[in-house]
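For reference, the structure discussed in these notes is given below.
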Amino acid sequence: MHRRILAPGALAAASVLLAIPASAAAHTPGAPGIGDPYYPAYGNGGYDVSHYDLRLKYQPATDELEGTATILARATQDLSRFDLDFLLDVSEVRVNGAVASFTTSGEHELVVTPRTPLKKGGDVTVVVRYRGVPSSKKAYGFTSWHRTPDGGVAANEPEAAWWWFPSNDHPLDKATFDVSVQVPDGTQAVSNGTLQSTSSRLGWTRYNWRSAHPQAPYLATLAVGRFDITTGTSDSGIPVVNAYSKDLGANQGAARASVERTGEIADWLAGWFGPYPFEALGGYVPNTNTGYALETQTRPFYSPRQFANGSNTSVVVHELAHQWYGDLVSVRGWKDIWVNEGFARYAQWLWSEHEGEGTTRELADHVYASHPADDPFWTVRPGDPGPENQFDIAVYDRGALALQALRDEIGDDAFFAILKGWPKRYAYGNASVADFQRYAERVSGKPLATLFDTWLFQPVKPDVFTGGKVSSAARTSGAGGTPVEPRSWKKIAATNGVHAH
């Protein structure tokens, strides 16, 4: 604290300051970032969101989106102002019913100053009116909005919300969602959760979607276009809604042959990870030119390119595995991405074994032997890869190797108890790599620090699999002494870019 002597000319100003109640003077701005070292400006401090109500109108012909977002939150400090992550043009902001002032800052910050400071612990209602053309907006040199021939799609990681709704955009702040979208008749709007109702009036149709379980903002999705929509129910009773752009061309059949198995695959994954955690299932394949897929909650996004070489249930397994590992339990910080990607990749290995196309052991051997010691693959540390390597192939493949090593060390009973118990332990919350290590040690009863350090944090190729077991690569050799490539490998490798920006 700095103390200074007031000059006589400043006495009038000082008297005004003295008139301000001490409680109001104590209010401070919320931080412009939630504190993630990988992305310091992502998310915000000072409040916690419980619900987003989004009422939107979208015109596919012009890519114009207008909306009113109502955000229900609780102040976590005495707030003089706070930030939202957002890019579109704002016309009005209200806080607790009163008009608030606002401005923009940095690449994607909407800075809101309420008329009356907010008290810690108090309920806050924020209403933001806005409009804009999402495809015209970029931040940090990229966009997370995909313009399609008949509409647009919001889907990306680690950020997608800014292009279509204001939010506290970090997995640490999950919320429930109501998404109501008005589009021209003949066009559909697809989002997360369950379709509550539709209504038509004067050439426009409104779709009302609800996500009843906590959801990270980047996992919220919006797709508008002309879709063929299929509905059904999994054997476990979960309603399934899938959507396919009408203009997928030659990829249409392969996409359907893959995504239509969503209910079957989710039920199979439940055998490994525990009961499916949400109220709805599905997937959608819009006509985008991007190459990645994304685990948008309850309704994953798939690029048509995932099916360019035929059907690929492996990518469906990957994104559905994320419903437990990534969506139900989300990262505490983006450095913990292994807890998402290593497990989704290992689920693909389990599916390969289920389909008789290569065991998890054979896949581990193949990956281990395919990367010599001087391969940069081994310099990426899956447990803390850095933002530049967050979605590097090593996070996936070396990450899955770490799980095979863990399985070798603690045995199948403890390993599969951990796979099923972890999502239950941190359900609808957040957790870190360190949390997983502690949980695995508690369930297995073994110290595992060396194993986790070796496979997740050391920038070198481990000499052996854990427990003194040399990789069986030498025992299942093909030409040149390398392991025979499992039949599933090409399908698994085809998903390597699923989350590339």
Side-chain angles (χ1 to χ4, degrees), residues 268-269 271-274 295 314 317-318 320-326 328-329 331 336-354 358-371 377-378 380-385 391-423 425-426 431-444 446-458 461-462 464-467 469 471-473 486 488-489 492 495-496 498:
W268 174 81
L269 284 167
W272 299 112
F273 299 156
E295 66 271 16
S314 189
V317 170
H318 186 102
L320 290 179
H322 276 314
Q323 303 305 304
W324 287 265
Y325 283 85
L328 175 61
V329 183
V331 295
D336 299 307
I337 192 65
W338 171 73
V339 183
N340 292 9
E341 301 303 343
F343 294 77
R345 175 64 100 220
Y346 199 77
Q348 292 176 271
W349 291 10
L350 289 168
W351 179 254
S352 169
E353 188 165 313
H354 171 71
T359 66
T360 61
R361 180 85 252 170
E362 290 165 346
L363 285 158
D365 290 342
H366 178 73
V367 171
Y368 183 87
S370 296
H371 297 279
F377 173 89
W378 298 109
V380 175
R381 303 180 306 153
D384 188 359
F391 300 112
D392 188 272
I393 188 59
V395 176
Y396 297 69
D397 284 349
R398 187 178 176 183
L401 282 177
L403 288 172
Q404 185 65 46
L406 176 64
R407 182 178 175 180
D408 290 344
E409 175 71 13
I410 66 177
D412 280 5
D413 288 348
F415 178 76
F416 288 111
I418 290 167
L419 283 193
K420 187 172 287 187
W422 168 262
R425 168 66 179 83
Y426 289 96
S432 66
V433 174
D435 290 329
F436 184 84
Q437 179 184 323
R438 285 190 290 269
Y439 182 78
E441 288 176 330
R442 181 167 68 81
V443 172
S444 68
K446 291 191 173 186
L448 298 170
T450 298
L451 182 146
F452 277 87
D453 182 61
T454 298
W455 288 95
L456 297 182
F457 294 101
Q458 290 302 315
K461 182 175 183 176
V464 295
F465 279 119
T466 187
K469 295 181 181 179
S471 168
S472 59
S488 62
W489 180 249
I492 293 172
T495 68
N496 284 349
V498 289

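When a residue number appears, it is its place in the shown sequence, counting from 1. Computed from a prediction, not measured in an experiment: that's the story for all the values here.
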Distance from [X] atom [atom1] to [Y] atom [atom2], nearest 0.5 Å?
X      : Y      : atom1 : atom2 : result
Leu363 : Leu350 : CG    : CG    : 9.5 Å
Leu403 : Arg398 : CG    : CZ    : 12.5 Å
Leu401 : Trp455 : CG    : CH2   : 5.5 Å
Gln404 : Asp365 : CD    : CG    : 8.0 Å
Ile410 : Leu448 : CD1   : CG    : 6.5 Å
Tyr439 : Ser432 : OH    : OG    : 14.5 Å

Partners passing ring pair (Phe, Tyr, Trp, His ring centres under 6.0 Å) against Phe452 (at least two apart in sequence or in another chain): none
Could you tell me whether Asp412 atom CG has more than 12 heavy atoms of other residues or ligands within 6.0 Å of it? yes
Could you check whether Trp351 and Trp268 have their ring centres less than 6.0 Å apart? yes
Do Ile337 and Phe391 come close enough that some side-chain heavy atom pair is under 4.5 Å? yes
Can you tell if the side chain of Val433 reaches within under 4.5 Å of the side chain of Phe457, non-hydrogen atoms only? yes
Please work out which of the three classes, parallel, tilted or perpendicular, describes the rings of [Y] and [X], given edges at 30° and 60°.
X      : Y      : result
Trp338 : Phe436 : perpendicular
Phe343 : Tyr325 : parallel
Trp422 : Tyr426 : tilted

So, Arg425 and Asp435, do they make that salt bridge, N to O below 4.0 Å? no
Distance-only donor-acceptor check, side chains Glu341 and His318, under 3.5 Å: yes
Exam field: side chain [X] to backbone [Y], donor-acceptor pair closer than 3.5 Å:
X      : Y      : answer
Lys446 : Ala440 : no
Ser314 : Gln348 : no
Lys461 : Phe377 : no

Measure across Asp336 and Val331 and return the closest heavy-atom pair with its distance rounded to 0.1 Å. O-CG1, 3.5 Å
Looking only at heavy atoms, which two atoms of Leu451 and Ala405 are closest? And how far apart? CD1-O, 3.7 Å
In sequence, state the C-alpha distance, the side-chain angles, and the governing distance for Arg442 and Arg438, and then conclude on side chain to side chain contact (heavy atoms under 4.5 Å, CB included). CA-CA 6 Å; Arg442 181 167 68 81; Arg438 285 190 290 269; over 6 Å; no
Side chain to side chain donor-acceptor pair (under 3.5 Å) partner of Asp397, the single match among Arg345, His366, His371: Arg345
Checking Tyr346 against Arg407 for the side chain to side chain donor-acceptor pair (under 3.5 Å) test, could you report, in this order, the C-alpha distance in whole Å, the side-chain angles of both residues, the deciding distance, and whether it holds? CA-CA 11 Å; Tyr346 199 77; Arg407 182 178 175 180; 2.9 Å; yes
